[in-house]
Amino acid sequence: VVDISNPYSISVVNTISVSYGHNGNAQGDLFALTGTSGSLRLYDISTPTNPVFLTSYNSLGMSSTHDAELEENGTKLYAHTFSGSTTRILDVSNPSSPTELGQIPYGNHSGVTIQRPSGQIVHGAMREAAGGHIRFYDVTNPAAPSYLSSYQPPTAVNGSIHNAVAVDDRWVAIAYYNDYLRILDMQDPSNPVEVGIYDPTVTNVGSSIFAGAWSCDHVRTFTNGTQRYIVTEMYGPGGCYIVDFTGGQVPPQYQTNSGFQASLNVNGVVGSQYAPAITNLGIGMPGNLNMLSFNAGQAWDIGAGAAPLVPA
């Protein structure tokens with residue numbers, strides 16, 4: 001446990017002693033530690049300087065828990081078994097007694113979770129191996145995950161994925177070894193769109209599948225929508241890259257209000273005098289704004305009143 005309140009003078013304040021620790025994830029007062037002789041270990045960190053062991057979880061087939069991700073609310077956990085090909089979804093609302101809710105039939109390494117504004121929860125399970133990639137599942141009902149889509153760069157058919165991070169429950173940034181940083185727009189989880197690439201290597205020929213970017217993390221998002229990432233490299237001369245992604249601006253949304261004795265619509269979506277009509281337009285997509293007045297010479301207030309653009 002490291003105190004970084006002063007980043008110029010960090011200090012170790014406590015140590016969790018285990019036979020082998022590979023990775024960890026924290027949300028709120030709960031910390032999940034993996035790699036401990038196959039078991040997943042949970043700790044209460046309500047007092048960060050004094051973690052309290054709660055329980056270990058080692059279900060059938062979990063001979064080596066590689067990574068674990070806690071959902072933002074800290075009540076569900078996704079455990080990835082390195083020796084198998086299954087992602088287990090656990091209920092940790094009572095962290096002293098985890099229970100299994102369901103399984104995703106893919107993954108052996110790590111994963112990433114996004115929660116869409118609609119309430120849909122999507123988990124991307126990843127497999128570290130030749131040809132390993134990311135598969136997205138709807139886990140809104142964790143007892144019955146349903147497959148949505150997959151992503152794999154065309155140059156990574158025999159390559160491997162490593163880890164990913166979600167940003168604003170919309171974007172997924174992936175460290176993809178030889179194919180370095182890949183950024184996906186997950187507005188439609190059934191159809192991920194590759195919107196950003198940073199790859200300093202010209203070709204993957206002759207490279208080990210486990211060389212290249214093996215970690216990425218989101219540093220910050222600027223007010224103009226630019227996202228900053230840090231990407232670290234394995235078996236390469238670069239070491240560490242700081243990358244800005246400028247395509248992260250949220251698409252505009254037309255909100256239309258139809259006034260008295262008049263109608264207004266955007267792309268066919270019609271509002272009323274009392275309720276706006278809302279339609280989303282993708283980045284760079286045109287919108288058709290149609291106005292009709294029943295009284296000759298009726299004025300329209302475009303911008304502030306009739307058709308303001310608001311963030312999606």
task: May I have the step-by-step check of side-chain contact (heavy atoms from CB on, under 4.5 Å) for Thr113 and Tyr78, ending in yes or no?
output: CA-CA 9 Å; Thr113 305; Tyr78 302 86; 3.5 Å; yes
Point-to-point distance, once rounded to the nearest 0.5 Å, from [atom1] of [X] to [atom2] of [Y]:
X      : Y      : atom1 : atom2 : value
Phe245 : His218 : CZ    : NE2   : 10.5 Å
Ile161 : Ser110 : CD1   : OG    : 7.5 Å
Ile4   : Ser9   : CD1   : OG    : 12.5 Å
Ser5   : Asp3   : OG    : CG    : 3.5 Å
Tyr229 : Arg220 : OH    : CZ    : 13.5 Å
Leu148 : Asn191 : CG    : CG    : 11.0 Å

- request: Could you tell me whether the side chains of Arg182 and Tyr180 share a donor-acceptor contact shorter than 3.5 Å?
  value: no
- prompt: Can you tell me if Thr87 and His80 form a side-chain donor-acceptor pair at under 3.5 Å?
  reply: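 There is such a pair (donor and acceptor under 3.5 Å, judged by atom type) between the side chains of Thr87 and His80.
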Do [X] side-chain atoms and [Y] backbone N/O form a donor-acceptor pair below 3.5 Å?
X      : Y      : result
Asn178 : Gly212 : no
Asp169 : Gln115 : yes
Thr232 : Cys240 : no
Gln152 : Gly131 : yes
Asp217 : Val231 : no

- request: Sequence neighbours left out, what passes side-chain hydrogen bond (donor to acceptor under 3.5 Å, both in side chains) with Ser93? Give chain and number order.
  value: Asp91
task: Could you tell me which residues satisfy side-chain hydrogen bond (donor to acceptor under 3.5 Å, both in side chains) with Tyr151, sequence neighbours excluded, listed by chain and number?
output: Glu194
Side chain proximity check, [X] to [Y], heavy atoms < 4.5 angstrom:
X      : Y      : answer
Glu128 : Asn108 : yes
Leu40  : Leu33  : no
Trp171 : Met186 : no
Glu100 : Tyr57  : yes
Ser160 : Tyr176 : no
Asn224 : Thr246 : no
Asp244 : Thr226 : yes
Ile114 : Val172 : yes

Set of ring-ring contact (aromatic ring centres under 6.0 Å, His included) partners for Phe136, sequence neighbours left out: none
Side chain to side chain contact (heavy atoms under 4.5 Å, CB included) partners of Asp44, counting only residues at least two apart: Asp29, Ser46, Val52, Leu54
query: Can you hop from Ile134 to Val165 via hydrophobic side chains spaced under 4.5 Å?
result: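 The answer is no; the residues belong to distinct hydrophobic clusters.
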Taking distance alone, no hydrogens or angles, what donor-acceptor pairs closer than 3.5 Å link side-chain atoms of residues 139-147 to residues at least two apart or in another chain?
| from | atom 1 | to | atom 2 | distance (Å) |
| --- | --- | --- | --- | --- |
| Thr140 | OG1 | Ile121 | N | 3.1 |
| Thr140 | OG1 | Asp138 | OD1 | 2.6 |
| Asn141 | OD1 | Ala143 | N | 3.2 |
| Tyr147 | OH | Ser150 | N | 3.3 |
| Tyr147 | OH | Ser150 | OG | 2.6 |

task: List the steps and the verdict of side-chain contact (heavy atoms from CB on, under 4.5 Å) for Ile197 and Ile183.
output: CA-CA 6 Å; Ile197 298 174; Ile183 300 175; over 6 Å; no
message: Quick check on side chain to side chain contact (heavy atoms under 4.5 Å, CB included): which of Leu101, Ile89, Leu70 does Leu77 satisfy it with?
response: Leu70
query: Run the salt bridge (Lys or Arg N to Asp or Glu O under 4.0 Å) check on Asp185 and Arg170 step by step: do they pass?
result: CA-CA 6 Å; Asp185 183 347; Arg170 167 70 181 270; 2.5 Å; yes
Where is the tightest heavy-atom contact between [X] and [Y], given as atom of each residue plus distance?
X      : Y      : value
Thr55  : Pro95  : CG2-O, 3.2 Å
Leu42  : Ala32  : CD2-CB, 3.8 Å
Val92  : Lys76  : CG2-N, 3.9 Å
Cys216 : Ala173 : SG-O, 3.5 Å

Ring centre gap for [X] and [Y] strictly below 6.0 Å:
X      : Y      : answer
His133 : Tyr106 : yes
His66  : His109 : yes
Tyr177 : His162 : yes

field: Nonpolar side-chain network containing Val13, other nodes, edges under 4.5 Å
entry: Val1
task: Dump the intermediate steps for side-chain contact (heavy atoms from CB on, under 4.5 Å) on Val112 and His123, then the final yes or no.
output: CA-CA 6 Å; Val112 63; His123 186 77; 5.9 Å; no
message: Here's one to test your reading of the geometry: is the NZ or CZ of Arg41 within 45 degrees of the ring axis of Phe53 and under 6.0 Å from its centre?
response: yes
task: Begin with the C-alpha distance, continue with both residues' side-chain angles, and end with the deciding distance and a verdict on side-chain contact (heavy atoms from CB on, under 4.5 Å) for Thr49 and Asn14.
output: CA-CA 6 Å; Thr49 56; Asn14 207 334; 5.6 Å; no
